[in-house]
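The shown structure was predicted, so the numbers you read here are calculated from the model rather than taken from an experiment. Every number for a ligand or one of its atoms is a count from 1 in the order of the listing.
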Amino acid sequence: MSKNILIVAGDGIGPEVMGEVKRVIGWYNDNRKFDAVVSHELVGGCCYDAHGVAVTDETIEKAKAADAVFLGAVGGPKWDKVPYEARPEAGLLRLRKDLELFANLRPALCFAALADASSLKREIVEGLDIMIVRELTGGVYFGEPKEITDLGNGERRAVDTQVYTTSEIRRIAAVAFDLARKRGNRVTSVEKRNVMKSGVLWHEEVVKLHDEQFSDVKLDNMLADNCGMQLAKNPRQFDVIVTDNLFGDMLSDVAAMLTGSLGMLPSASLGAKDANGKTKSLYEPVHGSAPDIAGTGAANPIASILSFAMALRYTFDRGACADLLEKAVDKVLADGYRTADIMQAGKTRIGTKEMGDQILKALGELNA
Ligand code: IPM
Ligand code: MG
């Protein structure tokens, strides 16, 4: 049976980078019997323009039925004034929530060729390989109440709610421990138990699960502010970091920047296994819609292409195909090709489409 992939390219540079992903999928269809059928839907500002909402019910249903969803990026200044419920980000958040994609995997990997593009010294980031496991469907992103109330006399009051339950914490921690076993076997659990009750519970539940089922994995617990500092100081001390939705959002941007460019980093958002052993999944680059360069053909498609590599690995169980794609990206970088965001002196500057061309060419060579 054909694989069914839904692409929601979204806004800004989303359509440009997803165009290259589509070509890579085509390459795997032609050369590796991947047999995927691709369809497209709108999510984000483009969907608001067409339908007045950030995502339609039909698209949510289509996403649920797909083997994997690929998202480019959502948002941009054009939609600054749309109602809060219909803002572009609401489409992405609803996709995550309705598909129950609670586990967000954000690898921060420093490509050898790009170690000098980092804002940190080469010796601090070279060989960096961290996996941030961010809880994605709970916490302050979705907790209720979430509102602004008018208190009168020009005074207003805003509240967001940070909320976690035992089972939410245990299922994300289990993902982190499982992943750690396939990597460096170390997990750092990150919260603010010195200030937040949700941090106290997080800490207790992670330690309990560890002692019950994962005592072979080395577990450290770290306060979130310290984790931010440690990431800047000595990022290679980490293997897998597991944390809540909001801290994960922040720490993954920090970790991403260590690697030299947000334009390089993929992510996978996964749900629980269903009765047939299938997992819903959404793949997206960590970077945003970059409205300042949208339409110029300058965007870096590598994060999106590497997100497809993650899909090959986590959704389609085609580890060798994923390895090949990652090697192709490595080769193109080693050959000196760079988009503007990762440009270095003496290298060859190319645009989105040429980067796609080079990666396809490298795939062909490595496949020969
Ligand atoms: C991310 C983004 C999103 C988030 C935005 C676009 C809602 O920053 O995926 O990290 O905050 O989760
Ligand atoms: Mg973010």
Side-chain angles (χ1 to χ4, degrees), residues 8-15 17-18 42-48 53-55 60 63 69-80 82-108 130-143 146 160-164 168 172 190 224 227-228 231 241-259 261-271 281-292 294 299-300 303-304 306-307 310-311 341:
V8 289
D11 309 318
I13 59 171
V17 295
M18 292 317 289
L42 302 175
V43 171
C46 56
C47 185
Y48 177 79
V53 288
V55 60
I60 293 286
V69 181
F70 290 88
L71 183 129
V74 294
K78 181 178 173 202
W79 300 283
D80 273 353
V82 310
Y84 185 79
E85 300 68 43
R87 72 197 190 287
E89 291 78 6
L92 171 58
L93 295 177
R94 190 176 160 202
L95 267 176
R96 290 173 179 173
K97 189 71 177 173
D98 285 9
L99 272 62
E100 294 177 74
L101 306 171
F102 68 90
N104 184 215
L105 277 42
R106 297 194 163 181
I130 304 177
M131 177 69 86
I132 297 192
V133 178
R134 168 188 175 192
E135 200 292 327
L136 202 61
T137 50
V140 76
Y141 272 63
F142 298 98
K146 186 181 201 55
D160 290 285
T161 305
Q162 164 81 345
V163 48
Y164 274 108
E168 285 176 311
I172 190 70
V190 173
C227 182
L231 274 171
I241 292 175
V242 63
T243 190
D244 76 11
N245 206 343
L246 183 61
F247 293 141
D249 180 44
M250 295 194 55
L251 295 172
S252 61
D253 265 25
V254 175
M257 202 53 226
L258 301 177
T259 70
S261 168
L262 219 48
M264 297 295 298
L265 296 186
S267 82
S269 303
L270 309 173
S281 57
L282 178 135
Y283 295 87
E284 53 177 316
V286 172
H287 65 68
S289 60
D292 51 322
N300 185 350
S304 293
L306 290 175
S307 297
M310 289 188 89
D341 57 312

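Distances below 4.0 Å separate heavy atoms of Arg134 from the following atoms of ligand 1: 1 (C), 4 (C), 9 (O), 10 (O), 11 (O), 12 (O). Within ligand 1, counting atoms from 1 as listed, the ones closer than 4.0 Å to a heavy atom of Glu89 are 6 (C), 7 (C).
Nearest to atom 11 (O) of ligand 1 among the protein's heavy atoms is Tyr141 OH, 2.5 Å. The nearest heavy-atom contact from the protein to atom 8 (O) of ligand 1 is Asp249 OD1, 3.3 Å.
Side-chain contact between Leu136 and Glu100: absent, with no pair of heavy atoms (C-beta onward) separated by less than 4.5 Å. The closest side-chain heavy-atom distance from Val140 to Phe247 is not below 4.5 Å.
Proximity of Arg87 to ligand 1 is not established, as no heavy-atom distance is less than 4.0 Å. The shortest heavy-atom distance from Arg106 to ligand 1 is under 4.0 Å.
A cation-pi contact, defined as under 6.0 Å to the ring centre and within 45° of the axis, is absent between Arg94 and Phe142.
Distance check for Asp249 against the Mg ion (ligand 2): an N/O/S atom falls below 2.8 Å.
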Show the numbers, then the answer: is there a side chain to side chain donor-acceptor pair (under 3.5 Å) between Ser289 and Asp11? CA-CA 6 Å; Ser289 60; Asp11 309 318; over 6 Å; no
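Across the listed options Met250, Arg96, His287, Arg96 owns the non-hydrogen atom lying nearest to atom 9 (O) of ligand 1.
Contact detail for Ala255 and Ile132: the closest heavy-atom pair is CB-CD1, 3.7 Å.
Other residues, nucleotides and ligands contribute more than 12 heavy atoms inside 6.0 Å of the CD atom of Glu89.
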